[in-house]
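Computed from a prediction, not measured in an experiment: that's the story for all the values here.
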Amino acid sequence: MRNRLAKLALAALTAVALVGCGGAKESKETNTFKIGMEAGYAPYNWTQLTDANGGVKISGSSEYAGGYDIEIAKRIADGLGKELVVVKTEWDGLVPALVSGKVDAIIAGMSPTAERKETIDFTDTYYQSNLVMLVKNGGDYVNAKTLADFSGAKITGQLNTFHYTVIDQIPNVNKQPAMDNFPAMRVALESGVIDGYVTERPEAISAQSANSNFKMVEFTDGFVTSPEDTAIAVGLAKNSPLKDKVNEILRGISQEERLEIMDKVIQNQPAAQ
């Protein structure tokens, strides 16, 4: 559900070009529902070697995708009466992939920010979280409760994400260069290159569940955010005919079931994630 800074200008230019050449063709003409995701942001989405615990084959790969986004996507595909197809795509390529018609939807922990809404549409929220910090278990910051407790700490976040921008709210923080992905940040944290990284609660729970060297810090006085910053929704092309139907399907998933799905995927995620 990350609120990340997508490369909207590039996506917008792509959209204009495709309108002229007729390239933006959704797979509504077929019996597939193609979704874009990183498959690298546990517990929302990850890559695994088998179809264990409901994993779905990644298009063009011998690997499978699992996680919360996959479980939601399966329900949407079933409701649409279509076959789910997962297209593994780097974060910065997700919006261009949607605009170009390479995928029908983005289901990848993406936040429905006002900036993104200039280029694509979003469904209703399907998960709401909050920002936390992941630190090394037993380290200097394991008992932190406020942003001020991280004064002087070496903190980072993922490149092109809202997580990275909020680091500036920490007084006297030693802000480190942004990193490409969460596995890289976990390695940096475990090795002591950084003292912590900004993330969302499900990802932090997932990380500490997979590795006892990690610990989630929840704040009594934390980051200032807006509701859209910590919400996740399905990204769709502008004026997509899928929007109303997808929203109808999402309304059929109760809040209790959404929480149960998240708890279950955290338990089932591969240890390496």
(request) On the 0 to 90° scale, with breaks at 30° and 60°, tag the Y127-Y44 ring pair as parallel, tilted or perpendicular. (result)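 Perpendicular: the ring planes of Y127 and Y44 meet at over 60°.
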
Side-chain donor or acceptor of [X] paired with backbone N/O of [Y] under 3.5 Å:
{"X": "Q48", "Y": "T50", "value": "yes"}
{"X": "T220", "Y": "K145", "value": "yes"}
{"X": "S59", "Y": "V85", "value": "no"}
{"X": "K238", "Y": "K117", "value": "yes"}
{"X": "Q158", "Y": "D180", "value": "yes"}
{"X": "T89", "Y": "V87", "value": "yes"}
{"X": "K74", "Y": "G54", "value": "yes"}

What I want to find out is whether [X] reaches [Y] closely enough, with some N-O distance under 4.0 Å, to be called a salt bridge.
{"X": "E248", "Y": "R251", "result": "no"}
{"X": "K34", "Y": "D104", "result": "no"}
{"X": "R75", "Y": "E257", "result": "yes"}

So do the side chains of [X] and [Y] get within less than 4.5 Å of each other, counting heavy atoms only?
{"X": "N160", "Y": "D92", "result": "yes"}
{"X": "I107", "Y": "N45", "result": "no"}
{"X": "T156", "Y": "M185", "result": "yes"}

(message) If the condition is side chain to side chain contact (heavy atoms under 4.5 Å, CB included), which residues does I205 pass it with, not counting sequence neighbours?
(response)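 Checked I205 against side chain to side chain contact (heavy atoms under 4.5 Å, CB included); matches are R201, S209, M216, I266.
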
(message) If the condition is side chain to side chain donor-acceptor pair (under 3.5 Å), which residues does D168 pass it with, not counting sequence neighbours?
(response) K175

(request) For V142 and V135, work out which heavy atoms get closest and say how close. (result) CA-CG2, 4.0 Å

(request) Locate the shortest heavy-atom distance separating A237 from D121; write the atom from each residue and the value. (result)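 For A237 versus D121, the nearest heavy atoms are O-OD2, 3.8 Å.
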
(message) Applying the ring pair (Phe, Tyr, Trp, His ring centres under 6.0 Å) criterion to Y41, which one of W46, F182, Y68 satisfies it?
(response)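 With Y41 as partner, ring pair (Phe, Tyr, Trp, His ring centres under 6.0 Å) holds for just one option, F182.
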
(request) Applying salt bridge (Lys or Arg N to Asp or Glu O under 4.0 Å), name anything that partners R258, two or more places apart in sequence or on another chain. (result) none

